[in-house]
Asker: 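Below is a structure I'd like to ask you about.
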2 protein chains.
Amino acid sequence: MTQEVQVESTHIFQRLQTQLSRMIAETPPGNRLPAEPELAKQLGVSRATLREAMRSFEGQGLIRRRQGIGTFVVGHSQVIESGLEVLESIETLARRIQLEVSMGALHVSQIKATPTMATALQVEENAQLVQIARVIQAERRPVAYLVDTLPEDILAPADLQQGFTGSVLDLLLQHSSLPLATSRAEIQAVAASPEIARLLEIQRGDVLLLFSAQLFTSTGKVVDYSLSYFLPGYFQFHVVRRVEGSR
Amino acid sequence: MTQEVQVESTHIFQRLQTQLSRMIAETPPGNRLPAEPELAKQLGVSRATLREAMRSFEGQGLIRRRQGIGTFVVGHSQVIESGLEVLESIETLARRIQLEVSMGALHVSQIKATPTMATALQVEENAQLVQIARVIQAERRPVAYLVDTLPEDILAPADLQQGFTGSVLDLLLQHSSLPLATSRAEIQAVAASPEIARLLEIQRGDVLLLFSAQLFTSTGKVVDYSLSYFLPGYFQFHVVRRVEGSR
DNA sequence: CAGTGGTCTAGACCACACG
DNA sequence: GTGTGGTCTAGACCACTGA
């Protein structure tokens with residue numbers, strides 16, 4: 001009916017994306033792209049502009065840039081799919097599709113509750129908490145960053161000494177008699193902070209899907225507050241919604 | 001020759017963010033920040049670096065940059081909160097909290113099904129479809145971009161001539177006898193394309209929450225395929241998840 | 001060591017809003 | 001026209017990797 005109005009000539013960015021898209025498609029997975037200065041020269045743009053255009057492809061998981069090594073085309077990875085009606089650990093989801101995941105960079109610390117944590121966990125401010133941060137890897141690549149915060153009486157650091165594979169949920173299910181019932185998760189899109197970007201080996205500002213969740217027992221007590229950052233392209237979350245007034 | 005050696009060269013970004021954060025907090029909502037060249041000089045950085053640091057604050061909805069006018073501090077806006085168990089239109093959600101929303105930039109077109117659309121809508125490729133794209137505004141600011149695609153026999157362009165306020169869901173509920181039952185939505189974090197960035201008045205590459213949804217009737221027929229892009233900071237989606245099976 | 005991506009700079013020009 | 005943010009450039013230096 002109507003035609004989209006599109007500014008074309010001045011926007012090098014879009015032309016670049018088209019060229020890069022073709023170049024990536026024509027490069028076998030695992031292979032390296034030309035170095036940035038050379039590629040910029042080839043395409044007739046500055047390196048800054050080239051890098052900006054490359055960002056979106058990295059965000060989609062099509063390429064991976066590694067400092068000191070180069071930029072590589074990534075093959076279509078297996079996707080971890082999950083509905084949001086049931087809470088399951090990444091390990092459980094991965095096992096279902098025979099995908100191997102591992103944990104890297106585990107960091108356990110004892111902290112005092114900040115106002116945000118105190119509210120989320122329904123504890124006093126400055127209460128003693130245990131925080132468990134770790135990166136989840138699939139196919140030798142970081143794909144998620146998970147931070148769980150729990151009251152010290154729910155889980156002590158010692159409980160993590162042996163056989164912790166990355167899932168606090170599985171640990172609580174196996175090693176405690178807590179009647180876990182539900183989890184309430186808020187869903188947000190966020191930009192990667194410099195710290196999280198470093199851990200996930202992406203650029204700062206890249207998009208991440210964030211779940212901020214509280215884990216409840218059947219008595220309504222909060223036993224865990226978690227932040228889960230997911231790289232796009234490796235996870236696929238879906239939810240079935242009921243239409244109001246139907247049923 | 002007398003080039004300055006950079007001090008804390010790897011931390012300029014974080015220092016900048018701290019300074020900007022304080023500056024934004026101290027500026028009353030609605031007021032303007034200094035112009036970029038001046039602010040860059042004040043803070044002792046280049047304009048490019050300043051702009052990069054400002055991006056995250058715009059992504060959080062704390063500031064708003066408007067070409068030709070300036071950069072403004074935004075007051076804490078009212079948040080549209082919704083659970084994902086029930087599908088409701090933004091209009092319905094907004095009405096509940098007495099928030100005024102309006103529709104801008106309605107764009108209705110007749111198109112032929114692309115492969116993606118054909119799959120999602122369970123129709124033949126090149127089937128005649130109606131596509132409805134529009135921006136949703138709250139507090140005189142674009143906050144969401146919605147694109148609905150439907151088979152022509154479900155909804156004709158003529159049905160949109162009068163009284164369409166932005167919600168295809170509400171229109172289908174009111175003006176058709178279709179037994180709408182459920183919606184299946186995939187949840188992703190995406191970077192804004194140049195086109196969507198322009199429509200939502202944000203920067204390209206800014207983070208958006210995207211729902212890709214199919215709307216089903218009780219007989220399992222797909223009547224609508226929609227893409228919904230949400231600005232962070234204006235919406236809060238949550239879901240309650242059931243903990244499955246203690247082993 | 002050489003080569004890669006990561007960051008930052010200074011300056012230029014463009015597109016847009018407003019008087 | 002003036003002043004704003006939006007885009008792009010050419011070049012410099014830093015941080016990291018691997019031979």
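Each chain gets a letter, A, B and so on, in the order the sequences are listed, and its residues count up from 1.
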Asker: Just how far, in rounded Å, is C1' of C:dC8 from CD of B:Q17?
Answerer: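 Taking atom C1' of C:dC8 as the reference, CD of B:Q17 is at 15 Å.
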Asker: Which residues pass the ring pair (Phe, Tyr, Trp, His ring centres under 6.0 Å) test with A:Y225, sequence neighbours left out?
Answerer: none
Asker: N/O contacts under 3.5 Å, protein versus nucleotides 2-6 of chain C?
Answerer:
from	atom 1	to	atom 2	distance (Å)
C:dG3	N2	A:G68	O	3.1
C:dT4	O2	A:G68	N	3.2
C:dG5	OP1	A:T71	N	3.4
C:dG5	OP1	A:T71	OG1	3.2
C:dG5	OP2	A:E36	N	2.8
C:dG5	N2	A:Q67	NE2	3.2
C:dG6	OP1	A:Q203	OE1	3.0
C:dG6	OP1	A:Q203	NE2	3.2
C:dG6	OP2	A:R51	NH1	2.6
C:dG6	OP2	A:R51	NH2	3.1
C:dG6	OP2	A:R65	NE	3.4
C:dG6	N7	A:R47	NH2	2.5
C:dG6	O6	A:R47	NH1	3.0

Asker: Could you check how far CD of A:E52 sits from P of C:dT7, rounded to whole Å?
Answerer: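 Answer to the nearest Å: 12 Å.
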Asker: In whole Å, I'd like the distance from the CZ atom of B:F13 to the P atom of D:dA15.
Answerer: 17 Å
Asker: Is the shortest side-chain N to carboxylate O distance from A:E88 to A:R96 below 4.0 Å?
Answerer: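 Judged by the 4.0 Å cut-off on N to carboxylate O distance, A:E88 and A:R96 do form a salt bridge.
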Asker: Flag the pair A:Y229 / A:I196 as yes when at least one side-chain heavy-atom distance between them is below 4.5 Å, and no otherwise.
Answerer: yes
Asker: Check whether any side-chain N or O of B:R198 sits under 4.0 Å from OP1 or OP2 of C:dA15, and answer yes or no.
Answerer: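 For C:dA15, OP1/OP2 do not have a side-chain N/O of B:R198 under 4.0 Å.
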Asker: Distance check needed: C:dT7 P versus B:L50 CG, whole Å only.
Answerer: 17 Å
Asker: In this structure, how many angstroms lie between the C1' atom of D:dC8 and the CG atom of A:L43, rounded?
Answerer: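 Checked: the CG to C1' distance equals 15 Å.
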Asker: Which whole-number value in Å describes the distance from A:K41 NZ to D:dT9 C1'?
Answerer: 16 Å
Asker: Please give, in whole Å, the distance from C:dC8 C1' to B:L16 CG?
Answerer: 11 Å
Asker: Salt bridge between A:E201 and A:R65, side-chain N to carboxylate O under 4.0 Å?
Answerer: no
Asker: With respect to the phosphate group of D:dT7, does any side-chain polar atom (N or O) of A:T49 fall under 4.0 Å of OP1 or OP2?
Answerer: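 It does not, given that no N or O in the side chain of A:T49 lies less than 4.0 Å from OP1 or OP2 of D:dT7.
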Asker: For residues B:Y145 and B:F230, establish whether the separation of their ring centroids is below 6.0 Å.
Answerer: no
Asker: Look at B:E52 together with A:R55 and state whether they make a salt bridge at an N to O cut-off of under 4.0 Å.
Answerer: yes
Asker: Using only side-chain N and O atoms of B:S46, determine if any of them is under 4.0 Å from OP1 or OP2 of C:dT9.
Answerer: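 Yes, within the criterion.
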